[in-house]
Structure formats: structure tokens, C-alpha cells
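Take a look at the structure below.
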Amino acid sequence: MIRNLTPHPVNLVVDGRTVTLPPDGTPPRVSTTETPAGTVTVDGAEVPIFQVSTGELDNLPDQQPGVWLLVSRMVAEAAPHRRDLVIPHGLVRDDSGRVVGCSALGQVPPPRPV
């Protein structure tokens with residue numbers, strides 16, 4: 001079973017078929033922290049640059065046997081130890097170049113032992 005914990009439907013386009021996974025539950029979120037890192041001038045305007053770091057992960061359900069959780073890449077990267085998390089992979093585009101789905105699901109690699 002796959003639960004789509006993204007805020008929008010996800011279309012899986014496989015073997016000429018499209019299967020739509022509707023959103024299912026509250027999407028987990030990852031907070032970020034920002035630290036000023038300087039500025040850059042673009043056409044005379046000073047544009048701030050920030051170091052952006054991953055913060056806390058909220059609303060990620062506990063693992064359940066036989067249940068995959070479809071989440072954003074940012075959520076999956078914030079919890080690489082979780083092997084039940086999958087992300088959309090292999091973008092499928094229409095004739096105008098708009099993303100209409102994905103052809104596979106992916107996982108972020110588990111943390112490497114130190």
C-alpha cells in the first residue's frame with residue numbers, strides 16, 4: 001500500500017497506464033533555518049544570500065509494515081534512515097513540457113556508517 005503524503009495528487013505513468021494517488025493525510029514538513037551569508041549585485045540590486053539548513057521534521061507518521069509513504073524529496077532527505085519513504089522519480093512531461101506525472105518511485109540512500 002502507498003499513502004501519498006504530498007499536498008497534491010501524484011500520477012504514476014507506467015506501462016501506458018496512469019494511476020493517480022490522491023493526497024492522504026497531513027503532509028509532513030521540514031523547517032529550515034537561515035543564516036545571512038552575504039550579498040551579490042544583480043543589475044544594480046543587492047540580492048541577499050543565505051545559508052539554508054534543514055531543521056525539524058513534523059507530521060511524519062510512524063512506520064507501519066507493508067505501507068510506503070510518498071513524500072517530498074526534502075522530507076525523505078531529512079529522514080534517510082526511514083526505508084518506508086519514497087519520492088516521485090522519472091518525471092513524465094506532456095508535449096508542452098509540463099510535468100504530468102512520474103514513471104517510478106525513488107528512495108534517498110540510507111546514511112553511511114562513519
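- No side-chain heavy atom of Asn11 sits less than 4.5 Å from a side-chain heavy atom of Val92.
- The line from NE2 of His89 to CG of Leu91 is 8.5 Å long, rounded to the nearest 0.5 Å.
- By the salt bridge (Lys or Arg N to Asp or Glu O under 4.0 Å) test, Arg83 is found to be paired with no residue, residues two or more places apart in sequence or in another chain being considered.
- Here Arg82 pairs with Asp84 in a salt bridge; the nearest charged N to carboxylate O distance falls below 4.0 Å.
- In this structure Thr35 satisfies the side chain to side chain donor-acceptor pair (under 3.5 Å) test with no other residue, sequence neighbours excluded.
- Considering only residues two or more places apart in sequence or on other chains, Thr39 meets the side chain to side chain donor-acceptor pair (under 3.5 Å) condition with Glu46.
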Distance-only donor-acceptor pairs under 3.5 Å for side chains of residues 54-79, two or more places apart:
residue	atom	partner	partner atom	Å
Ser72	OG	Val75	N	3.2
Arg73	NE	Glu77	OE2	2.8

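- Proximity of Cys102 to Leu12: side-chain heavy atoms (C-beta onward) are separated by under 4.5 Å at one or more points.
- Using a 4.5 Å cut-off on side-chain heavy atoms (C-beta onward), Pro7 and Pro23 make no contact.
- Linking Ile, Leu, Val, Met, Phe, Trp and Tyr whenever their side-chain heavy atoms come within less than 4.5 Å puts Leu21 and Leu105 in one cluster.
- Sequence neighbours left out, the pairs with a member in residues 98-114 that pass salt bridge (Lys or Arg N to Asp or Glu O under 4.0 Å) are Asp94-Arg98.
- Listed here is the closest heavy atom pair of Gln107 and Leu85: CG-O, 3.4 Å.
- With hydrogens and angles disregarded, a donor-acceptor distance shorter than 3.5 Å links the side chain of Ser103 to the backbone of Gly90.
- Hydrophobic clustering (ILVMFWY, side-chain heavy atoms < 4.5 Å, transitive): Val30 and Leu5 are in one cluster.
- For the pair Thr6 and Pro27, the minimum side-chain heavy-atom distance is 4.5 Å or more.
- In the hydrophobic clustering of this structure, Val108 does not group with Val86; members are Ile, Leu, Val, Met, Phe, Trp, Tyr whose side-chain heavy atoms approach within less than 4.5 Å, directly or through other members.
- Partners of Ser53 under the side-chain contact (heavy atoms from CB on, under 4.5 Å) rule, at least two apart in sequence or in another chain, are Thr33.
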